[in-house]
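One structure below.
Chain letters run A, B, ... following the sequence lines, proteins first and then strands; every chain starts at 1. Computation of the quantities below employed the complete heavy-atom set of this structure, encompassing side-chain atoms and omitting hydrogens, waters and symmetry-equivalent molecules.
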Amino acid sequence: MADEKELFRVRLDKRHSLEEAGVDPYPTRFDRDTTASEVHDQFDELVAEERSVSIAGRLMTIRRMGKASFANVKDRSGVIQIYMKLDFVGEEAYKIWKKIEAGDLIGVRGTPFRTRAGEISLQVSGFELLAKSLRPLPEKWHGLRDKETRYRQRYVDLIVNPEVLQVFERRARLVTTIRKYLDDRGFLEVETPVLQPLYGGASARPFTTHHNALNMKLYLRIADELYLKRLIAGGCERVYEISKDFRNEGIDKTHNPEFTQMELYEAFSDYNDMMRIVEEMMREIALELHGTTSITFAGRTNDLAEPWKRLSFVDALSESIGRDVMEMTNKELRAECDQRNIDLPDHSSNGMILAELFDHLVEPGILDPTFVIDFPKEISPLAKERRDRPGVVERFEPYLCGMEIGNAFSELNDPIEQRKRFEAQVALRGPEGEEAQQLDEDYIRALEYGMPPTGGLGIGIDRISMVFTDQQSIRDVILFPLLRPEQASPGGSEE
RNA sequence: GGGCCGUUAGCUCAGUCGGUAGAGCACCUGCCUUUUAAGCAGGCUGUCGCAGGUUCGAUCCCUGCACGGCUCACCA
């Protein structure tokens with residue numbers, strides 16, 4: 001009587017008997033004039049005016065006491081208790097009420113009152129079934145705990161775990177804050193292609209697809225960068241895009257194959273301006289979401305009112321190794337890795353080895369809000385070289401709460417130099433070569449027309465959503481994180 | 001990809017030193033017109049993730065697989 005099929009059947013039976021009683025289990029609409037939280041907030045006025053209100057939501061729990069019942073109705077704003085009394089709704093309605101169960105969506109009319117225990121409630125005068133639920137809700141006290149089910153059936157997670165919606169509401173406000181910040185400063189929001197014949201702007205393996213009518217291979221973008229800078233060349237001066245990028249790489253607590261990135265480009269600026277933007281933007285998000293510049297992530301608190309630290313990539317690494325890393329040969333750098341049991345691909349260039357060493361030796365110690373600057377030129381093909389310091393570029397990666405949250409440069413706008421850098425990248429491609437950037441002739445043509453000096457910045461929206469909601473896994477700030485299929489598809493295991 | 005851990009009722013979880021399993025919630029029946037994890041009385045509920053192996057007997061032991069979590073690696 002209570003296995004899954006039986007529970008489903010009992011609910012189907014209820015649906016049928018409701019239909020026999022003339023109740024439409026899936027009516028088209030319901031006029032509600034208020035929400036659960038508004039009833040709480042405006043209680044005194046509503047009572048003074050003896051107002052009747054209507055709300056709509058999901059029945060979460062029911063406490064039946066013969067000829068009267070209490071129940072909790074949940075809508076997006078919160079929960080309100082309703083009081084259903086036979087004397088008030090009449091015998092016919094109460095008979096129907098008995099067929100209504102937890103999980104069903106209902107619309108309710110009633111007058112606000114306070115129970116003996118002092119809880120604000122609605123004395124129900126009438127109600128309507130809005131949608132019949134055919135599946136039982138998870139446990140009312142513990143909710144839904146199983147992470148796999150929570151991610152796969154996010155709808156159930158949202159129904160029973162109220163804190164989940166709060167995270168995503170915050171994420172939405174975070175994005176709104178960024179948009180407002182940029183719109184207020186004259187940035188133009190644009191949309192550039194997701195399907196690209198060449199991928200670029202980052203180093204990552206792409207997803208590939210095929211367009212039938214044009215019979216051409218296409219890539220899902222790994223970055224928006226090269227298209228946005230074409231717009232800067234076109235005179236748009238200040239542009240930004242907030243959208244999904246796709247990288248065909250592993251999945252872990254800070255990586256999902258599709259993720260949201262904000263990229264902005266500002267003509268006549270450089271990377272120092274970008275640092276200022278990051279500081280201001282993060283401060284505004286903190287104030288908007290938390291009302292304070294102080295944020296806590298994983299138990300550690302940072303104050304965003306202060307300027308961020310600057311840490312030189314090459315200096316910090318040189319200090320850690322005890323030698324100027326820019327002076328070292330490929331062989332010497334490899335020796336440093338061997339000594340520390342750091343594995344390297346065979347074709348690793350100096351720059352790639354430096355990045356590897358940095359990740360192991362320096363990055364773990366970056367806890368305060370920090371701009372890592374002075375990246376090796378070799379691993380930064382789109383950034384301008386520092387005039388006062390050859391070999392390193394005007395680039396930074398912002399770190400917040402120990403996480404790399406973005407990437408920014410003074411954009412390289414010399415087409416001759418850009419071609420050389422692309423060619424160097426192509427030469428560095430390994431046997432598979434999919435991570436290295438492709439030579440984008442049209443992008444170089446755009447630079448040949450002339451692109452103003454430009455500062456560019458990319459910020460990982462998922463990562464900063466983690467920071468500002470104190471979630472330690474990227475899956476908890478993505479509504480539908482990528483998981484393997486629930487059931488292995490028959491014959492679909494060719495790898 | 002490696003290591004560790006998990007997978008038992010719709011949900012949250014116990015448990016079986018190998019003899020096919022339990023609680024709470026949910027559900028069903030009855031009582032109950034201010035309850036709130038409502039209460040009281042009674043009842044139902046399982047391919048113990050999947051497939052093999054060992055065994056008289058496996059949910060438990062072994063092997064493989066699937067999915068998930070953590071972690072390391074990969075990934076500028």
Side-chain angles (χ1 to χ4, degrees), chain A residues 1-11 13-14 60-72 79 81-89 94 101-103 113-119 121 123 134-153 156 159-160 202-205 222 247-255 257 313 341-345 348-360 363 372 375-376 378-383 395 397 404 407 425 428 432 434-437 472-473 475 481 483-489 493 495:
Chain A
M1 191 60 149
D3 65 57
E4 189 173 8
K5 279 178 192 156
E6 275 306 310
L7 291 170
F8 194 87
R9 224 206 59 215
V10 164
R11 288 183 166 249
D13 287 348
K14 287 202 170 138
M60 300 303 290
T61 57
I62 307 180
R63 295 171 289 283
R64 299 184 195 270
M65 300 164 298
K67 299 185 180 65
S69 315
F70 284 93
N72 290 342
V79 177
Q81 178 170 263
I82 62 170
Y83 182 46
M84 184 85 58
K85 196 157 83 156
L86 187 145
D87 297 346
F88 248 78
V89 297
Y94 205 82
E101 55 198 327
F113 76 107
R114 239 181 237 280
T115 64
R116 263 181 217 159
E119 179 164 352
S121 308
Q123 166 92 264
L134 297 177
R135 288 178 182 270
L137 289 176
E139 220 256 349
K140 64 184 170 189
W141 191 240
H142 299 96
L144 182 63
R145 289 278 174 77
D146 183 68
K147 284 209 164 177
E148 186 174 352
T149 311
R150 290 182 52 205
Y151 297 146
R152 288 194 196 281
Q153 302 181 40
V156 183
I159 290 168
V160 297
S203 289
R205 290 157 71 197
I222 59 172
R247 296 186 184 174
N248 206 338
E249 309 278 3
I251 299 176
D252 61 30
K253 276 164 83 171
T254 55
H255 296 86
F313 179 107
N341 288 321
I342 300 170
D343 288 335
L344 292 171
S348 296
S349 66
N350 286 24
M352 290 158 86
I353 300 174
L354 290 175
E356 200 64 40
L357 284 166
F358 183 87
D359 286 350
H360 283 86
E363 195 187 286
V372 174
F375 282 78
E378 204 182 17
I379 55 169
S380 313
L382 298 163
R395 169 185 177 186
E397 285 185 350
E404 178 196 327
N407 196 7
Q425 287 294 306
L428 281 175
E432 280 106 68
E434 275 202 307
E435 308 97 50
Q437 307 206 12
Q472 262 86 99
S473 170
R475 293 185 192 90
L483 299 177
R484 285 197 159 89
E486 215 167 329
Q487 284 152 336
S489 52
S493 56
E495 250 172 295

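- Residue side chain Arg63(A) reaches the base of U35(B) through a donor-acceptor N/O pair under 3.5 Å, judged by distance alone.
- Following rounding to the nearest Å, Met352(A) (CE) and C74(B) (C1') show an atom-to-atom distance of 12 Å.
- Separation of the C1' atoms belonging to C4(B) and U20(B) is 30 Å when rounded to the nearest angstrom.
- Spacing between C61(B) and C25(B) at atom P, rounded to whole Å, works out to 31 Å.
- Atom CD in Glu363(A) sits roughly 14 Å away from atom P in C75(B) (whole-Å rounding).
- Considering every non-hydrogen atom in both Ala102(A) and Leu137(A), the closest pair reads C-CD1, 4.3 Å.
- For the P atoms, the distance linking C27(B) with C65(B) amounts to 42 Å, nearest Å.
- Between the OH atom in Tyr83(A) and the CZ atom in Phe88(A) there is a gap of 9.5 Å [rounded to 0.5 Å].
- In the set U12(B), C67(B), A26(B), A26(B) carries the atom at the smallest distance from any side-chain atom of Leu7(A).
- Residue Leu483(A) is classed as a sugar-phosphate contact, given heavy-atom separations below 4.0 Å to backbone atoms only.
- Arg475(A) has a side-chain polar atom (N or O) that falls below the 4.0 Å cut-off from OP1 or OP2 of G69(B).
- As judged by a 4.0 angstrom heavy-atom cut-off over every strand, Phe358(A) is placed among residues making no nucleic acid contact.
- Ile379(A) comes within contact range of at least one nucleobase, with a heavy-atom separation under 4.0 Å.
- Between atom CD of residue Glu404(A) and atom CG of residue Asp359(A) there is a gap of 8.0 Å, rounded to the nearest 0.5 Å.
- As judged by a 4.0 angstrom heavy-atom cut-off over every strand, Glu397(A) is placed among the base-contacting residues.
- Out of G69(B), U33(B), C70(B), the shortest distance to the side chain of Lys85(A) is found at U33(B).
- Closest approach to the Ala68(A) side chain among U34(B), U33(B), G46(B) is made by U33(B) (side chain taken as heavy atoms from C-beta onward).
- Rounded to whole Å, the separation between the P atoms of A21(B) and G30(B) comes to 31 Å.
- Here the side chain of Asp343(A) is nearest to one of C74(B), U33(B), C75(B), namely C74(B).
- Both distances falling under 3.5 Å, in either a Watson-Crick or a G-U wobble arrangement, place U7(B) opposite A66(B).
- Contact annotation for Arg64(A): base contact, defined as any heavy-atom pair under 4.0 Å involving a base atom.
- Spacing between atom CD1 of Ile342(A) and atom C1' of C72(B) amounts to 14 Å, rounded to whole angstrom units.
- Here the nucleotide nearest the side chain of Lys14(A), chosen from C67(B), U12(B), C27(B), is C27(B).
- Between the CD atom of Glu101(A) and the P atom of G10(B) there is a distance of 16 Å, given to the nearest Å.
- Nucleic acid contact class of Gly351(A) (heavy atoms, under 4.0 Å, all strands): none.
- When the C1' atom of U71(B) is taken as reference, atom CD1 of Ile251(A) falls 16 Å away, rounded to whole Å.
- In a base pair of the Watson-Crick type (N1 to N3 plus N6-O4 or O6-N4) or a G-U wobble (N1-O2 and O6-N3), with each distance short of 3.5 Å, C56(B) is matched with G19(B).
- Residue contacts for Phe313(A): at a heavy-atom cut-off of 4.0 Å it reaches no nucleic acid atom on any strand shown.
- Rounded to the nearest 0.5 Å, atoms CE (Met84(A)) and CZ (Arg64(A)) are 8.5 Å apart.
- Note that CZ of Arg9(A) is 4.5 Å distant from CD of Glu6(A), once rounded to the nearest 0.5 Å.
- Nucleotide A41(B) has U29(B) as its partner under the Watson-Crick or G-U criteria, with both atom distances under 3.5 Å.
- For Arg145(A), counting side-chain heavy atoms from C-beta on, the closest listed nucleotide (U34(B), A26(B), C13(B)) is C13(B).
- Atom NZ in Lys147(A) sits about 18 Å away from atom P in C11(B), given to the nearest Å.
- For Glu119(A) against U34(B), no side-chain N or O and base N or O form a donor-acceptor pair under 3.5 Å.
- Among the nucleotides C32(B), G10(B), U36(B), the one closest to the side chain of Gln81(A) is U36(B).
- Closest approach of Ile379(A) to Ala355(A), counting heavy atoms only: CD1-CB, 4.0 Å.
- In terms of position along RNA chain B, the nucleotide closest to Thr149(A) lies nearer the 5' end than the nucleotide closest to the other residue of the pair Gly118(A) and Thr149(A).
- The gap from the P atom of U45(B) to that of G10(B) amounts to 12 Å, rounded to the nearest Å.
- The C1' atoms of U63(B) and C44(B) are separated by 38 Å, rounded to the nearest whole Å.
- As judged by a 4.0 angstrom heavy-atom cut-off over every strand, Asn407(A) is placed among the base-contacting residues.
- Among the protein residues, Arg116(A) comes within range of the nucleic acid bases, having at least one heavy atom under 4.0 Å from a base atom.
- Rounded to whole angstrom, the span from the CZ atom of Arg114(A) across to the P atom of U36(B) amounts to 18 Å.
- Residue-level contact check: Ala117(A) touches the bases, meaning some heavy atom is under 4.0 Å from a base atom.
- For G68(B) and C50(B), the C1' atoms lie 15 Å apart once the distance is rounded to whole Å.
- Heavy atoms of Arg152(A) sit under 4.0 angstrom from primed sugar atoms or phosphate atoms, though from no base atom.
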Derivation of the side-chain contact (heavy atoms from CB on, under 4.5 Å) call for Arg63(A) and Gln81(A): CA-CA 11 Å; Arg63(A) 295 171 289 283; Gln81(A) 178 170 263; 2.8 Å; yes

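- Nearer to the 5' terminus of RNA chain B, by closest-nucleotide assignment, is the contact made by Lys5(A) (compared with the other of Lys5(A) and Asp87(A)).
- U7(B) sits 36 Å from G39(B) when the C1' atoms are compared, rounded to a whole Å.
- The distance from the CD1 atom of Ile159(A) to the CE atom of Met60(A) is 7.0 Å, given to the nearest 0.5 Å.
- Comparing atom distances between the Trp141(A) side chain and each of A37(B), G10(B), C11(B) picks out A37(B) as nearest.
- In this structure, CG on Leu354(A) lies 8.0 Å from OG on Ser349(A), to the nearest 0.5 angstrom.
- Of the candidates G68(B), C11(B), C75(B), the closest approach to any side-chain atom of Glu249(A) belongs to C75(B).
- The separation between Leu137(A) atom CG and A37(B) atom P is 18 Å, rounded to whole Å.
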